[in-house]
2 protein chains.
Amino acid sequence: MGRQRPGTPTLEEVAALAGVGRGTVSRVINNAAGVKDSTRRLVQRAIAELGYVPNLAARSLAGRRADAVALVMTEPDWRQFGEPFFSEIVRSVGDALTDTKVQLLLTLVRTNAERQRLVEYARGGRVDGVMLMSVHAEDALPDMLAEVGLPTVLLGRRSGDESVTYVDADNVGGARSAVAHLLSHGRRAVATITGPRDMYVAQCRLRGYREALERAGAEGRPSWIVQGDFSEDSGRRAMAELLERAPEMDAVFAASDTMAAGALTALRAAGRRVPDDVAVIGFDDFPLAQRTDPKLTTVRQPLEEIGRAMVRLLLEEMEDSAVAWRHVILRTELVLRDSA
Amino acid sequence: MGRQRPGTPTLEEVAALAGVGRGTVSRVINNAAGVKDSTRRLVQRAIAELGYVPNLAARSLAGRRADAVALVMTEPDWRQFGEPFFSEIVRSVGDALTDTKVQLLLTLVRTNAERQRLVEYARGGRVDGVMLMSVHAEDALPDMLAEVGLPTVLLGRRSGDESVTYVDADNVGGARSAVAHLLSHGRRAVATITGPRDMYVAQCRLRGYREALERAGAEGRPSWIVQGDFSEDSGRRAMAELLERAPEMDAVFAASDTMAAGALTALRAAGRRVPDDVAVIGFDDFPLAQRTDPKLTTVRQPLEEIGRAMVRLLLEEMEDSAVAWRHVILRTELVLRDSA
DNA sequence: CTGAAAGCGCTAACAG
DNA sequence: CTGTTAGCGCTTTCAG
């Protein structure tokens, strides 16, 4: 495997050239206070002349920190990676880190070998903290990291009693407001296409659906609830099933943007008019569903804030290891686009 | 910033517990030959008992390597990140690395500050090599890395005389075969929607278009060439322009999947039938355009092979720093889907 | 086959 | 304000 380029100048050579001690050079490259301006410039000239770049391994070893954090995506199904949800989160986390000297590293974990490699990487001190996206309920990775004291932040709980620091959106509230909106606009038979049963986020959105019905004193029916898996195709199939099982349905709440897109396609294929015959609201506000219906009303997650909150919690946990864990739940927002 | 967890066991403690020297423990954790089986087991037991994990900073410092490589995306426009092209490349690079002990790190470079941070990260020895995706012609990042001797591989040339190791698809050949296909099926007036003039990949696809016309002895017209920027919207606008400027047009070669999708939308909006009135071929074989027209014929890039080739070249360059640079051009393939 | 010793390049504490 | 001195934890000779 590749060795580091030889002949790379060291801090010591810089010190020699500048005619100062190593400590002084160290202070200069770390922007520490308490260095005479003239010597600082002397050192900087030497650094420039030699093209010196600090060896990060040595710095980590001596300073006991990496100045890097990882944003991990644990997704066996790789298609998810391309979804707007993830690229937006990555973008916002990157933004939140842009003015720090912390390097953001994205890593992908699909297999158990990769999981192990990541744990060794993190425990090995190459990153000071880890953010995890799209963690499934049975995934032990968060515990493997948190148990050894590594600052860890999850995007989304794995269950109702998550024991690792997390940031989540108000999925129950978002779903509730979507369904309440449909009911208050005269819809009587609101169906829902849910996500995978083993994902907490899907459970929450289903709970919100149920709560909205209850609060409105509306009667739900088992046939109005159809299972999907967040994919477009599952949305299509679910809608086909609904059309057959619940012909009275006049509105649908889809637990994801992608499934909403599939549902819309299936509705149109069946000759139903949207929203006149059947109104649709999807969770998440992404291009796919909107391309399918520009007037689609959606529940928007504040992705920008989610990324920011993850970074903030992580940095705080890195500063102060006293806090065991905590969480932040962010508000969602109903984006009305005149298709009730 | 976060300090490394204290109380982490060190190799020395493992050695003490196992009653052996530090060198022996080092040999065991590195699977080096020449350790008696009984002592090896002794050491392994001690490692397990202590929950020992090697400190990677110390290992890097002593061993002069990081066992990690970076896959960098330099894309000021973040929407690109979600595109299938990138997620596929990331996936295939990850696959190619999965059986090694090399950790893959994705990083994003948008601003110059981030560019600088990456260079310091890489030159600082945190990675043994760098792969760059989506590099624009004026980007100095590849040179900054390659000049200091860091193994570097580009995905796509920046220009015709690229001086850094790269992997590229046969863009000229792919475009040529697409256009040749249209011509050989009776199309007479083949227009093209090109990519940004300052991207070499776009120049190549345009050259392929021209070559196909020449070889067929067909007469091209300036009005048949319209500029896009690879975006869906630009495809739509370009097609609108073509419909006006070149009403005789009976086929279009779009230099990207996304622009093909936009072009199809505009064609339909104008009441033209596809492919009867106008045939379309797009470069790249992604969901967007196919969703717009399931029968779309496309030029497919072998993304799987591209990722593999990048990793292979990078690892080779890491082994052997004698080679200055080299390149691999991969074949493209016309995927026929009966819309001539 | 295994132990001891010499660094890898840097930070941080401590004198001056 | 600045030089000196200890390590940080591991790999890698070099003896034994």
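Not measured: the values here are computed from a predicted model. Here is the naming used below: chain letters follow the sequence lines, and residue numbers restart at 1 for every chain.
- Nucleotide C:dC10 holds its C1' atom 13 Å from the CZ atom of B:R126, rounded to whole Å.
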Problem - Test salt bridge (charged side-chain N to carboxylate O under 4.0 Å, His left out) applied to A:R308 and A:E305, step by step - result: CA-CA 5 Å; A:R308 259 210 301 275; A:E305 282 78 11; 3.6 Å; yes
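- Between B:H136 and B:L141 the shortest side-chain heavy-atom distance does not fall below 4.5 Å.
- Residue-to-nucleotide proximity on DNA chain C shows that, of B:L61 and B:G23, the 5′-proximal contact is made by B:G23.
- Contact check for B:T107 versus A:L104: no side-chain heavy atoms found under the 4.5 Å cut-off.
- When rounded to the nearest whole Å, the span between CZ of A:R123 and C1' of D:dG9 equals 15 Å.
- Within residues 30-54 of chain A, the residues approached by DNA chain D to less than 4.0 Å at the level of any non-hydrogen atom are A:G34, A:V35, A:K36, A:T39, in residue-number order.
- Proximity of B:I306 to B:E88: side-chain heavy atoms (C-beta onward) are nowhere separated by under 4.5 Å.
- Residue B:R59 places at least one side-chain N or O under 4.0 Å from the OP1 or OP2 atom of D:dT11.
- Here A:L56 lies out of heavy-atom contact (under 4.0 Å) with every strand.
- OP1 or OP2 of C:dC10 has not a single side-chain nitrogen or oxygen of A:S26 nearer than 4.0 Å.
- A:T10 comes within 4.0 angstrom of the backbone, heavy atoms only, and of no base.
- Considering B:N55, B:L17, B:L50, B:I47 in turn, B:L50 is the only one that fulfils the side chain to side chain contact (heavy atoms under 4.5 Å, CB included) rule with B:P9.
- One atom, CZ of B:R64, and another, C1' of D:dT12, lie 11 Å apart when rounded to the nearest Å.
- No donor-acceptor contact under 3.5 angstrom links the side chains of A:R115 and A:T74, judged on distance only.
- The residue B:V25 sits apart from the nucleic acid: no heavy atom pair falls under 4.0 Å.
- Of the two residues near DNA chain D, A:G19 and B:L11, the one whose nearest nucleotide lies more 5' is A:G19.
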Produce the list of close N/O pairs, under 3.5 Å, pairing protein atoms with atoms of nucleotides 14-16 of chain C; give distances to one decimal.
none

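- Side-chain contact check for A:V28 versus A:Q44: some heavy-atom pair is nearer than 4.5 Å.
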Practice task
Take A:E138 and A:R158, measure what salt bridge (charged side-chain N to carboxylate O under 4.0 Å, His left out) needs, and give me the verdict at the end.
Solution key: CA-CA 8 Å; A:E138 352 56 70; A:R158 287 170 294 171; over 6 Å; no
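- Under the 4.5 Å side-chain criterion, counting only non-hydrogen atoms from C-beta, B:M144 is not in contact with B:T152.
- Computed from coordinates, the B:R22 CZ to D:dT13 C1' distance equals 13 Å when rounded to whole Å.
- In this structure, NZ of A:K101 is placed 11 Å from C1' of C:dT11, rounded to the nearest angstrom.
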